[in-house]
*Asks:* 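If you scroll down you'll find the structure; I have some questions about it.
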Amino acid sequence: MERRPPGSSRPTEPGPCLSGQRGADQAASASLQSAARARPGRHPLAVAAVLPAGGCGERMGVPTPKQFCPILGRPLISYTLQALERVCWIKDIVVAVTGENMEVMKSIIQKYQHKRISLVEAGVTRHRSIFNGLKALAEDQLNRKLSKPEIVIIHDAVRPFVEEDILLKVVTAAKEHGAAGAIRPLVSTVISPSADGCLDHSLERARHRASEMPQAFLFDVIYEAYQQCSDCDLEFGTECLQLALKYCCTKAKLVEGSPDLWKVTYKRDLYAAESIIKERISQEICVVTDTKEDNKHVSHLLEEVLKSELNHVKVTSEALCHAGRDLQKIILDQCYNFVCVNVMTSDFQETQKLLSMLEESNLSILYPVVVVSVHFLDFKIVPPSKKMENLMLIREFAKEVKKRNIWLCGLLISYPQDEQKLQESLREGAIIIASLIKERNSGLIGQLLIA
Ligand SMILES: Nc1ccn([C@@H]2O[C@H](COP(=O)(O)OP(=O)(O)OP(=O)(O)O)[C@@H](O)[C@H]2O)c(=O)n1
Ligand SMILES: O=P(O)(O)OC[C@@H](O)[C@@H](O)[C@@H](O)CO
C-alpha cells in the first residue's frame, strides 16, 4: 500500500520506504548517485548523520533534558529521528547521548520503532559529542554495523522540523564545496558590547545571517577538522562550519533554509513545536459510517458542514463495510482524525468496529489518533437523559483505547425534524469536532459533549 506522497507537509512514519514515498527518495537518491557516478571507481555515495543529543537543556529550565521532553506524549528527539528516517538515502543515524540517558534512548528507539539508529556516548560539550559520533563512523570496528560515509550530515537532535529538501541541498553542496550549512535571516540585530558593557558597534543585519542546522560535510574534511581541533574550540566552539574553515581551509557553502529549522531552546519553543505538530496532523478528517441509508444521509450532511466549517482541512468519508478495505487505506495514508457516526440507537457498534481497526494498525504509535463517536437524538422525541446511561459507556471504551494512544470522546448531536434546525445543530457539532481535533486536549478523553 502506498503512503502519502513525499514532500507532503504532514508527518510520515519512520522505517522502510514504501512505494509512495520511494518515488521522491529514488529521485533524490538518483541525484546523489549520479554525482557519485561522475567519479568512476567510487562506491555509490554513502550519507550518514550525526545527531548531538547529549545536552542538559539548561535554558529550557526543566529537570528533563529538552531532547527528551514530551510533545503529545512522545519525546522531542523521536520527531527529529522520524524526520531523518523519512529520507531513504541517509544510511546511518548516529545519536550521541549521555551514559545516564542511554537506556532512555534505547527505549525510545524500541517504542517508536526507529530504524538505522546507532548510539554513542556524548561528550561534555556539543563539539565533543559530535566528535564522538564521527569517530563511531570513522573507525571500522569489527563488531559495528557502521561504515565510513562519503558525506556526513550534522543536525541537532532538538531541531525536529527538518525536511528532505534542505538535507538534499546541504549534502549536494557539501559534495562540491566540502562543507555546507543552512542559514536564516537574522531576526534581531547583532551588536558587539565594549568591556564596560556599552555598545561598541553593531553589525549590519542585512549583511549577516544566522547559522542553523542541518550542516553537511565531506566526511574526511570534518573528521580531520575535529582531529586537529584545539581543546579551546572543542570546549567553547559552537560552529562546525568554522572548524572546517579553520582547520581544513574549507569554505562552507551557505544554503538558505526554511523558517522551520529553528532549534528548541526555551520552553516557548516546546509549545511552538507542539502547536506545529498538532496543526500538521489535523489536516485530514475521515467521517466513518456504515451503509444504512438513514445513517449515510446524516453522515453526508455532517461531512458537508465539516467541509464548510474547516475550509483548509481535507474531509473524506468511508464506510465501515467491505471489510474496511478503503478505510484501511485511509488509516495507512495516515489520517489521524476520525468522526464515527453511529446509527440512531445508542449502541457503539460502528465506533467499536473502527476502534478495533485502529488498534490493529500501527497508526497511533507516533501520534495520538482522535476518534469522535457521534450520536444523533431527536431531543423532542427521546429525552437525552434516557440515552445518557448507555452513552456513558464511552468512558470505559476511552480508558481502554487510551492505552493504544487513541483518544476517544463522544458527541451527542440534536437531530430535530426541522431541516434548518438540523443544520444549526450540525454546525455546532462540527465546531466541537474541529476543536477536539485541533486542540487534542487529553483532558477531554472519555467525555461526552452535546451539540
Ligand atoms: N554536551 C552536549 C551539549 C549539547 N549537545 C546537543 O547539542 C544540541 C544543541 O545544543 P543546545 O541547544 O545548546 O542544547 P543544550 O546544551 O542541551 O541546551 P542548554 O545550552 O540550554 O543547556 C542539542 O541537541 C544538545 O543535546 C550535545 O550533544 N552534547
Ligand atoms: O550553541 P548551541 O549549543 O545552543 O547550538 C548549537 C548550534 O545549533 C548553533 O551553534 C547553530 O548556530 C549552528 O551551528
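Any value given below was found using the heavy atoms of this structure, including those in side chains, with hydrogens, waters and symmetry copies removed. Atoms within a ligand are numbered from 1 in the order they appear, just like the ligands themselves. Count residues from 1 along the sequence.
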*Asks:* Determine whether Glu284 and Thr316 make a side-chain contact, defined as any pair of heavy atoms from C-beta on separated by less than 4.5 Å.
*Replies:* yes
*Asks:* Which ligand 1 atoms, with their elements, are less than 4.0 angstrom from a heavy-atom of Cys56?
*Replies:* 17 (O), 22 (O)
*Asks:* Which residue pairs pass the ring-ring contact (aromatic ring centres under 6.0 Å, His included) test when at least one of the two sits in residues 206-230, sequence neighbours left out?
*Replies:* His127-Tyr226, Phe131-Tyr226, Phe219-Tyr223
*Asks:* Within a distance under 4.0 Å of any heavy atom of Glu239, pick out the atoms of ligand 2 and give their elements.
*Replies:* 13 (C), 14 (O)
*Asks:* Which protein heavy atom lies closest to atom 25 (C) of ligand 1, and at what distance to 0.1 Å?
*Replies:* Gly55 N, 3.7 Å
*Asks:* Could you point out which residue of His155, Glu85, Lys115 forms a side chain to side chain contact (heavy atoms under 4.5 Å, CB included) with Ile93?
*Replies:* Glu85
*Asks:* Between Pro52 and ligand 1, does any nitrogen or oxygen pair lie at a separation below 3.5 Å?
*Replies:* yes
*Asks:* Would you say the side-chain atoms of Arg184 pair up with the backbone N or O of Glu256, donor to acceptor, closer than 3.5 Å?
*Replies:* no
*Asks:* Quickly, which of Val315, Val288, Leu302 forms a side chain to side chain contact (heavy atoms under 4.5 Å, CB included) with Val339? Name it, please.
*Replies:* Leu302
*Asks:* Name the closest protein heavy atom to atom 27 (C) of ligand 1, giving the residue it belongs to and the distance to 0.1 Å.
*Replies:* Gly54 N, 3.2 Å
*Asks:* Starting from atom 3 (O) of ligand 2, which protein heavy atom do you reach first, and at what distance in Å?
*Replies:* Arg126 CD, 3.9 Å
*Asks:* Checking a contact table here: which protein heavy atom is nearest atom 9 (C) of ligand 2, and how many Å away?
*Replies:* Thr238 O, 3.8 Å
*Asks:* Who's the nearest protein heavy-atom neighbour of atom 10 (O) of ligand 1, and how far?
*Replies:* Arg126 CD, 4.0 Å
*Asks:* Tell me whether Gly123 has any N or O atom under 3.5 angstrom from an N or O of ligand 1.
*Replies:* yes
*Asks:* Would you mind running through ligand 1 and noting each atom that sits below 4.0 Å from a heavy atom of Thr125?
*Replies:* 1 (N), 2 (C), 29 (N)
*Asks:* Nearest heavy atom to atom 4 (O) of ligand 2: which of His127, Arg59, Met213 does it belong to?
*Replies:* Arg59
*Asks:* Enumerate donor-acceptor pairs with a distance under 3.5 Å from any side-chain N or O in residues 50-72 to protein atoms, sequence neighbours excluded.
*Replies:*
unit_1	atom_1	unit_2	atom_2	d
Lys66	NZ	Val264	O	2.9
Gln67	NE2	Ala53	O	2.8
Gln67	NE2	Gly55	O	3.0

*Asks:* Would you say the side chain of Leu254 lies within less than 4.5 Å of the side chain of Arg209, judging by non-hydrogen atoms?
*Replies:* no
*Asks:* Could you tell me the residue and atom name of the protein heavy atom closest to atom 5 (O) of ligand 2, and the distance to it rounded to 0.1 Å?
*Replies:* Lys263 CE, 3.3 Å
*Asks:* Based purely on interatomic distance, does Glu212 place a nitrogen or oxygen under 3.5 Å from a nitrogen or oxygen of ligand 2?
*Replies:* no
*Asks:* Taking C-beta and beyond as the side chain, do Arg159 and Trp262 meet within less than 4.5 Å on heavy atoms?
*Replies:* no
*Asks:* Where the side chain of Glu176 meets the backbone of Thr172, is there a donor-acceptor pair that is under 3.5 Å apart?
*Replies:* no
*Asks:* Closest non-hydrogen protein atom to atom 8 (C) of ligand 1, residue and atom name please, with distance?
*Replies:* Asp156 OD1, 3.6 Å
*Asks:* Please report which non-hydrogen protein atom sits nearest to atom 13 (O) of ligand 1, along with the residue it belongs to and the distance in Å to one decimal place.
*Replies:* Arg59 NH2, 2.8 Å
*Asks:* Checking a contact table here: which protein heavy atom is nearest atom 11 (C) of ligand 2, and how many Å away?
*Replies:* Ser211 O, 3.3 Å
*Asks:* Which atoms of ligand 1 have any heavy atom of Val124 under 4.0 Å away?
*Replies:* 1 (N)
*Asks:* About how many Å separate CG of Leu411 and CD of Glu428, when rounded to the nearest 0.5 Å?
*Replies:* 10.0 Å
*Asks:* Taking Ser192's backbone N and O only, do any of them form a donor-acceptor pair with Asp200's side chain (distance below 3.5 Å, no angle check)?
*Replies:* no
*Asks:* What protein heavy atom is closest to atom 8 (O) of ligand 2, reported as residue, atom name and distance in Å?
*Replies:* Asp156 OD2, 2.5 Å
*Asks:* Which heavy atom of the protein is the closest neighbour of atom 22 (O) of ligand 1, given with residue, atom name and distance?
*Replies:* Glu58 N, 2.7 Å
*Asks:* Quick one: look at Arg128 and ligand 1, take heavy-atom pairs under 4.0 Å, and tell me if it's side chain, backbone, both or neither.
*Replies:* neither
*Asks:* Of all the atoms in ligand 1, which lie at a distance below 4.0 Å from a heavy atom belonging to Ser129?
*Replies:* 1 (N), 2 (C), 27 (C), 28 (O), 29 (N)
*Asks:* Would the distance check show the side chain of Ser364 and the main-chain N or O of Arg404 forming a donor-acceptor pair, the cut-off being under 3.5 Å?
*Replies:* yes
*Asks:* When rounded to the nearest 0.5 angstrom, what distance separates CZ in Arg427 from OG in Ser308?
*Replies:* 6.0 Å
*Asks:* Which of the atoms in ligand 1, numbered in the order shown and given with their element, are less than 4.0 Å from a heavy-atom of Val158?
*Replies:* 23 (C), 24 (O)
*Asks:* Among all protein non-hydrogen atoms, which one is nearest to atom 15 (P) of ligand 1, and what is the separation to 0.1 Å?
*Replies:* Gly57 N, 3.8 Å
*Asks:* Short question: side chain of Glu163, backbone of Asp165 - any donor-acceptor pair under 3.5 Å?
*Replies:* no
